[in-house]
Amino acid sequence: RRMRRRRRARRVPAGRGLRRRHDDDSQFGGHGTGKLAWGWRFAPQWRVSASAGTAFKAPSFNDLYFPFTDFGGGASFSGNPELKPERSRSAELAARYDGASAQAGLVLFENRITDLIAVDPSFSTVINVNRARIRGATLDGSVREGIWRLRAEWTLQDPEDAGSGA
């Protein structure tokens, strides 16, 4: 009697995650943030994923209170105690290949930031940019041969001050 074996497509369940966090800042109050992510390994070496999240970043002590410093030649810098904390929303789509000796990945991203903390155009203090949008892509890859590993990464970004369009 002859046995027949049928190979069934191996189903790998999708991965998913939900994270929540609450930061309580003594100066800027409480802020909740989180991330929702999903990933699917559709072949042994291939995975696709998507994620969306929110973030909160309080200004650092130096951002707020760095003492006025004159560096000479007309260059000076000081903190800005009027800064507000950053709040942002982000989204990513990614594809990843993980082979035995080679890895590669592509990530497409978009971040929308309210009150982005940035150095002002005169480089003399830090300011809040009311609304900023950063879109981009990161491509990375690596190859392993014996004890050697070659790795490269390239990121293309399109930042924009959403308030002024610049």
Side-chain angles (χ1 to χ4, degrees), residues 12-42 46-98 103-142 151-166:
V12 178
R16 48 198 178 275
L18 175 63
R19 296 184 194 143
R20 294 287 301 151
R21 176 178 167 156
H22 183 80
D23 290 307
D24 193 10
D25 186 280
S26 62
Q27 187 170 357
F28 298 104
H31 295 273
T33 59
K35 183 176 184 177
L36 177 63
W38 172 87
W40 179 49
R41 186 172 300 280
F42 62 90
W46 286 94
R47 179 176 176 88
V48 292
S49 61
S51 66
T54 60
F56 164 81
K57 177 186 168 196
S60 72
F61 182 82
N62 282 339
D63 290 339
L64 294 166
Y65 307 114
F66 192 83
F68 177 81
T69 304
D70 186 352
F71 296 106
S76 62
F77 191 85
S78 65
N80 179 355
E82 301 300 315
L83 284 177
K84 301 175 203 165
E86 289 182 1
R87 293 175 319 279
S88 66
R89 294 179 182 269
S90 64
E92 289 186 353
L93 295 173
R96 181 119 206 108
Y97 172 81
D98 285 314
Q103 291 83 35
L106 173 66
V107 178
L108 305 175
F109 60 87
E110 178 169 305
N111 299 312
R112 294 183 181 269
I113 307 161
T114 303
D115 294 324
L116 172 71
I117 298 170
V119 176
D120 79 333
S122 68
F123 294 98
S124 62
T125 190
V126 284
I127 60 171
N128 285 118
V129 175
N130 289 336
R131 292 180 309 138
R133 180 192 51 78
I134 304 169
R135 287 184 183 150
T138 298
L139 179 65
D140 73 89
S142 66
R151 178 165 168 68
E153 185 172 304
W154 178 70
T155 299
L156 176 66
Q157 294 186 62
D158 179 24
E160 176 183 302
D161 179 339
S164 70

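None of these values were measured; they are calculated from a predicted model. Note that these values count all heavy atoms, side chains included, but never hydrogens, waters or copies made by symmetry.
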Quiz prompt | Heavy-atom side-chain contact between Asn130 and Asp115 under 4.5 Å | solution = yes
Self-check item: Side-chain touch Arg112/Arg131, heavy atoms, less than 4.5 angstrom
Solution: no
Quiz item: Can you find a heavy atom in the side chain of Arg133 that is under 4.5 Å from one in the side chain of Asp158?
Solution: yes
Quiz item: Do you know the tightest heavy-atom contact between Ala94 and Val107?
Solution: CB-CG2, 3.9 Å
Quiz prompt | Minimum-distance pair of heavy atoms, taken over all atoms of Phe56 and Arg87 | solution = CD1-CG, 4.5 Å
Self-check item: Ile113 CD1 to Asp161 CG distance, which is reported to the nearest 0.5 Å
Solution: 11.0 Å
Quiz prompt | Gap separating the NZ atom of Lys35 from the CZ atom of Arg21, nearest 0.5 angstrom | solution = 13.0 Å
Practice problem: Would you name the heavy atoms of Val129 and Ala132 that are closest together and state the gap between them? | Solution: CG1-CB, 4.4 Å
Quiz prompt | Interatomic spacing from CZ in Arg135 to CG in Asn111 - rounded to 0.5 Å | solution = 11.0 Å
Practice problem: Starting at CH2 of Trp38, measure out to CG of Leu93 and round the result to the nearest 0.5 Å. | Solution: 10.0 Å
Quiz item: Considering only heavy atoms from C-beta outward, does the side chain of Phe66 approach that of Thr125 to under 4.5 Å?
Solution: no
Exercise. Looking only at non-hydrogen atoms, find the nearest pair between Val126 and Asp63 and report the distance.
Key: CG2-O, 3.3 Å
Exercise. Determine whether more than 12 heavy atoms belonging to other residues, nucleotides or ligands lie under 6.0 Å from atom CZ of Phe123.
Key: no
Quiz prompt | OG1 on Thr138 to CH2 on Trp154, rounded to 0.5 Å | solution = 9.0 Å
Quiz item: What's the spacing between Tyr65 OH and Ser78 OG if we round to 0.5 Å?
Solution: 13.0 Å
Quiz prompt | Within-4.5 Å side-chain heavy-atom neighbours: Pro59 and Ile117 | solution = yes
Self-check item: Side-chain donor/acceptor of Asn128 to backbone N/O of Lys84, under 3.5 Å
Solution: yes
Quiz item: For the residue pair Leu83 and Phe28, what are the closest heavy atoms and their distance?
Solution: O-CE2, 3.7 Å
Quiz prompt | Shortest non-hydrogen separation from Ala58 to Pro85 and the atoms involved | solution = CA-CB, 4.0 Å
Practice problem: For residues Arg96 and Asp140, determine if any side-chain heavy atom of one lies less than 4.5 Å from a side-chain heavy atom of the other. | Solution: yes
Quiz prompt | Exercise: do Ser60 and Asn62 side chains pair donor with acceptor under 3.5 Å | solution = no
Exercise. Determine whether Thr155 and Phe109 make a side-chain contact, defined as any pair of heavy atoms from C-beta on separated by less than 4.5 Å.
Key: yes
Quiz item: Taking 4.0 angstrom as the limit, do Asp25 and Lys57 come out as a salt bridge?
Solution: no
